[in-house]
Amino acid sequence: MENILAQSAVRPQATAATLAATAQPVIQLRDIEKVYQTKTIETVALNRVNLTIHKGEFVSIMGPSGCGKSTLLSIIGLLDEPTSGVIELDGRPVQSYSDKELAALRNQKIGFVFQSYHLINDLSVLDNVELPLLYRSGVGGRERRERAYAALDKVGLSARTNHFPSQLSGGQRQRVAIARALAGNPEIILADEPTGNLDSVMGEEIMDLLLGLNRQEGTTIVMVTHDEQQAHKTQRLIRFFDGSQVQ
Ligand SMILES: Nc1ncnc2c1ncn2[C@@H]1O[C@H](COP(=O)(O)OP(=O)(O)OP(=O)(O)O)[C@@H](O)[C@H]1O
Ligand SMILES: [Mg+2]
């Protein structure tokens, strides 16, 4: 298995324009609105967002705190529902999927990476990476283990499979979280400030890993970041302000 980190110097560039011309839309948001209602206040977190993401694109999303970036990722990742508007995955409206189909989509098509890793501290690195595969029908114990090893190999952590999260650096923990997403072989990775808790060296390592995944495996990636430099390494930068796309 090839280590993506070691290969990330190879950079075949596909521009957003060429992708738009050749690749099919994998995620389409039409007039998406998300309103949070609490007892005292109504917040319009997303205000008529229209967005198309093509297969194989690496898109970054920037914007001030509270402008709706995490809400957007939750909605794209089917973790939350919009108040109004239509989401299409592979050209099919998500509303037309049954609950069972949606659960399968969430589990198989999409991998999540969060700023704070979301690892389970009582489980070994290997068990953390295997965990999402437990919920997947048709994947037996041996295949689970093989996939988890392969994913950890890809992120350069083969030597740490029996460690626990507390015994790893922040960058290594985030690599475990990425391996956990990869074990499911997702077409789309949604990353919410994946380098937000890391120093610049470790942050760059994670960024290289994501760039390698996108370039070598064609994984579609949508990443929220506060780091301009990182955002400029991706193919497309979308800026949000107050729940709307401004650029
Ligand atoms: N569950 C919730 N209930 C009520 N309001 C919410 C909820 N989740 C988010 N909000 C509000 O929606 C808006 C958008 O929040 P969101 O978390 O998407 O922002 P963000 O752009 O990710 O910010 P940050 O950069 O700080 O992570 C904010 O005003 C927030 O207070
Ligand atoms: Mg956020």
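Atoms within a ligand are numbered from 1 in the order they appear, just like the ligands themselves. Each residue takes its place number in the sequence, starting with 1. Every value quoted in this text rests on a predicted model; they were computed, and no experiment measured them.
Of the candidates G66, C67, G68, the one placing a heavy atom closest to atom 13 (C) of ligand 1 is G66. Of the candidates Y36, F240, F241, the one placing a heavy atom closest to atom 8 (N) of ligand 1 is Y36. Nearest-heavy-atom check against atom 26 (O) of ligand 1 across P64, S65, G63 picks out S65.
For ligand 1 and T71, the ligand atoms under 4.0 Å from any heavy atom of the residue are 14 (C), 15 (O), 16 (P), 18 (O). Of all atoms in ligand 1, listed by their number and element, those nearer than 4.0 Å to a heavy atom of E193 are 25 (O), 27 (O). Atoms of ligand 1 found under 4.0 Å from any heavy atom of H226 (numbered from 1 in listed order, with element): 25 (O).
E57 contributes no side-chain N or O that, together with a main-chain N or O of T220, makes up a donor-acceptor pair within less than 3.5 Å. For the pair Q174 (side chain) and F114 (backbone), a donor-acceptor distance under 3.5 Å is present. N50 contributes a side-chain N or O that, together with a main-chain N or O of D31, makes up a donor-acceptor pair within less than 3.5 Å. Listed for the S60 side chain is no donor-acceptor partner under 3.5 Å among the backbone atoms of T234. With hydrogens and angles disregarded, no donor-acceptor distance shorter than 3.5 Å links the side chain of T219 to the backbone of E187.
Residue side and main chain included, S65 places no N/O/S atom under 2.8 Å of the Mg ion (ligand 2).
Using a 4.0 Å threshold on non-hydrogen atoms, atom 10 (N) of ligand 1 counts as touching the protein. Remark: atom 4 (C) of ligand 1 lies closer than 4.0 Å to at least one protein heavy atom.
Looking from atom 17 (O) of ligand 1 to the surrounding protein, the closest heavy atom is S70 CB, 3.8 Å. The protein atom (non-hydrogen) at minimum distance from atom 25 (O) of ligand 1 is K69 NZ, 2.7 Å.
The side-chain heavy atoms of Q172 and L157, taken from C-beta on, include a pair separated by under 4.5 Å.
Residue T43 has no N or O atom closer than 3.5 Å to an N or O atom of ligand 1. Inclusion of T38 in the set of residues having an N or O under 3.5 Å from an N or O of ligand 1 is not warranted.
Note on R239 versus E228: salt bridge recorded, some NZ/NE/NH1/NH2 to OD/OE distance being below 4.0 Å.
Side chains of R180 and N128: a donor-acceptor N/O pair is absent below 3.5 angstrom, by distance only. When only modelled atom types and interatomic distance are considered, D192 and S70 share a side-chain donor-acceptor pair under 3.5 Å.
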